[in-house]
Amino acid sequence: MTVKVTVTGAAGQIGYALLFRIASGQLLGADTPVSLSLLEITPALKAAEGTAMELDDCAFPLLQGIEITDDPNVAFDGANVALLVGARPRTAGMERGDLLSANGGIFGPQGKAINDHAADDIRVLVVGNPANTNALIARSHAPDVPADRFTAMTRLDHNRALSQLAAKLQVPVTEIKKLTIWGNHSPTMYPDLYHAEVGGKIAAEQVDGEWLRDTFIPTVAKRGAAIIEARGASSAASAANAAIDHVHTWVNGTAPGDWTSAAIVSDGSYGVPEGLISSFPVTAANGQWEIVQGLAIDPFSRERIDLSVRELLDERDAVQALGLI
Ligand code: NAD
Ligand code: LMR
């Protein structure tokens, strides 16, 4: 059966890095035909058409069709997977409330369109920032869709942490298991090495505490800003890669003995208030995420997790006050 994948912000830089990989089978596998729905704002439709022409020119065997629209009701009609990439970036002089309002104006209607038109098995990944809170807004406009279908992306942070740790310990990334990003996709996120294992031993015990605190955590947490500073634009190919990883894992499952990180709706685990969309250690099986249970949280980690969760609560309160959820 052909899977309909809707990508919002399709003419943007992440969209450009994402669409060809979806069409080539890297999102869902080499046996799954896909059709693409490209949602853009009206002025960017022409650019989306250009990207669609290039997709055609690749003659991807799995690609069954491409639709381009500025209407969320059309874009999400029958969608099985929705990658919500398009968002309103913060511009100079913009207050936080303005940013949240602008994004509420995008993610509210998109959530409603998903609610009204998507397929029963819809799975949603929000990439557009502020990703966790945008996912919360979309979810609150989709009361008929099970809450666990709304997720936000912290897989890029997870991959960044894997890469930094692998470089420090001079091991392949494949040797690292059970790494976790907790909290918000923002500089308050907490990359946790106290449960991560390298060669079967706890990672935090293989690095010195000062490096962990003063180099590793800030490098991972501020990597997005460092990329913007270096490239003059935010991460695109690595963000698209992480979106592919997130959905691929969601659909195909995690490897035995390992877990990954995803921002999913909290069930109250680890003291994260129920309903917040926060990053956790998660496994996936049969198309469903599950939070890894029973991890002992040391005081240092507790403080870091609480800080990021506090920020999520503040964002939730702000969008609530603005009537966006
Ligand atoms: P971009 O500006 O290149 O592209 C965004 C696109 O979204 C534009 O083409 C714009 O026309 C479109 N758009 C805006 N409003 C829309 C709407 N209502 N419906 C459909 N499309 C709409 O930006 P980008 O580099 O592709 O980044 C997209 C988002 O992803 C940004 O918010 C960025 O901060 C975020 N991001 C998140 C992560 C993460 O790890 N979660 C990583 C990198 C970037
Ligand atoms: C990233 O982590 O690369 C992005 O979220 C940064 C940004 O602000 O777009």
Side-chain angles (χ1 to χ4, degrees), residues 84 123-127 129-140 146-162 165 176-197 202-204 216-217 220-221 224 242-243 245-316:
L84 308 190
R123 289 185 172 79
V124 182
L125 170 63
V126 177
V127 175
N129 282 321
N132 302 52
T133 297
N134 287 340
L136 191 71
I137 295 170
R139 189 214 145 187
S140 79
D148 62 4
R149 306 293 183 74
F150 283 88
T151 65
M153 191 164 94
T154 52
R155 186 64 168 262
L156 178 54
D157 313 303
H158 182 96
N159 288 344
R160 287 166 170 165
L162 283 178
L165 182 63
I176 305 172
K177 311 282 180 216
K178 301 182 178 176
L179 193 140
T180 307
I181 303 292
W182 297 89
N184 200 4
H185 172 67
S186 84
T188 66
M189 79 182 76
Y190 173 51
D192 176 0
L193 296 188
Y194 288 92
H195 301 100
E197 294 173 5
I202 294 296
F216 172 73
I217 294 176
V220 173
D245 283 351
H246 177 110
V247 175
H248 192 272
T249 303
W250 195 353
V251 172
N252 294 293
T254 37
D258 200 5
W259 67 62
T260 187
S261 306
I264 68 171
V265 176
S266 176
D267 59 359
S269 294
Y270 298 102
V272 180
E274 212 176 318
L276 277 191
I277 297 186
S278 183
S279 190
F280 286 101
V282 288
T283 54
N286 306 315
Q288 286 204 301
W289 295 114
E290 271 202 30
I291 297 171
V292 175
Q293 296 295 335
L295 301 178
I297 308 294
D298 62 280
F300 174 78
S301 302
R302 184 74 263 167
E303 199 179 306
R304 297 284 175 144
I305 295 169
D306 287 350
L307 187 78
S308 197
V309 168
R310 182 74 252 160
E311 183 181 55
L312 283 172
L313 278 170
D314 287 348
E315 289 183 14
R316 184 198 65 186

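We number each residue from 1, following the sequence as shown.
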Subject >> side chain to side chain contact (heavy atoms under 4.5 Å, CB included) assessment of Val292 paired with Lys178 >> reply: CA-CA 10 Å; Val292 175; Lys178 301 182 178 176; over 6 Å; no
Original post:
Between Val247 and Arg123, is a side chain to side chain contact (heavy atoms under 4.5 Å, CB included) present by the stated rule, with each step listed?
Top reply: CA-CA 8 Å; Val247 175; Arg123 289 185 172 79; 6.0 Å; no
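Across all their heavy atoms, Asp192 and Ser301 have their closest contact at OD1-OG, 4.4 Å. Heavy-atom minimum distance, Trp259 versus Leu179: NE1-O, 3.0 Å. Minimum interatomic distance between Pro281 and Leu295 (heavy atoms only, all atoms of both residues): CG-CD1, 3.8 Å. When every heavy atom of Ala243 is checked against every heavy atom of Val127, the shortest pair comes out as CB-CG2, 4.3 Å.
Distance check, rounded to the nearest 0.5 Å: OG of Ser269 to CD1 of Ile291 gives 4.0 Å. Atom CD1 of residue Ile176 and atom CD of residue Glu197 lie 11.5 Å apart, to the nearest 0.5 angstrom. Atom CG of Leu276 sits about 5.5 Å away from atom CG of Leu312, to the nearest 0.5 Å. Atom CD1 of Ile297 and atom CD of Glu303 lie 13.5 Å apart (nearest 0.5 Å). If you take CD1 on Ile137 and CZ on Arg316, they are separated by 13.0 Å, rounding to the nearest 0.5 Å.
Between Glu315 and Pro130, some side-chain heavy-atom pair lies under the 4.5 Å cut-off. Proximity of Asn134 to Leu84: side-chain heavy atoms (C-beta onward) are nowhere separated by under 4.5 Å. At least one side-chain heavy atom of Arg304 sits less than 4.5 Å from a side-chain heavy atom of Ile217.
Looking at Asn132, its side chain does come within 3.5 Å of a backbone N or O of Ile277 through a donor-acceptor pair. Although no hydrogens or angles enter the test, the distance criterion places no donor-acceptor pair under 3.5 Å between the side chain of Trp289 and the main chain of Ala284.
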Contacts under 3.5 angstrom, residues 146-158 side chains, donor-acceptor by atom type, not counting sequence neighbours:
residue : atom : partner : partner atom : Å
Asp148  : OD2  : Gln288  : NE2          : 3.1
Arg149  : NH1  : Asp120  : O            : 2.8
Arg149  : NH1  : Ile122  : O            : 3.1
Thr151  : OG1  : Val124  : O            : 2.8
Thr151  : OG1  : His246  : NE2          : 3.0
Thr154  : OG1  : Ser279  : OG           : 2.7
Arg155  : NE   : Thr260  : OG1          : 3.4
Arg155  : NH1  : Thr249  : OG1          : 3.1
Arg155  : NH1  : Thr260  : OG1          : 3.3
Arg155  : NH2  : Thr249  : OG1          : 3.3
Asp157  : OD1  : His185  : ND1          : 3.2
Asp157  : OD2  : His185  : ND1          : 2.8
His158  : ND1  : Ser261  : OG           : 2.8

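A side chain to side chain contact (heavy atoms under 4.5 Å, CB included) with Val272 holds for exactly one of Leu313, Val265, Val309, Asp306; it is Val309.
The local environment of CD in Glu290 is sparse, with at most 12 non-hydrogen atoms from other residues, nucleotides or ligands closer than 6.0 Å.
Salt bridge status for Arg310 with Asp314: present, with a side-chain N to carboxylate O gap under 4.0 Å.
Here ring-ring contact (aromatic ring centres under 6.0 Å, His included) pairs that include residues 263-286, with residues two or more places apart or in two chains, are Trp182-Tyr270.
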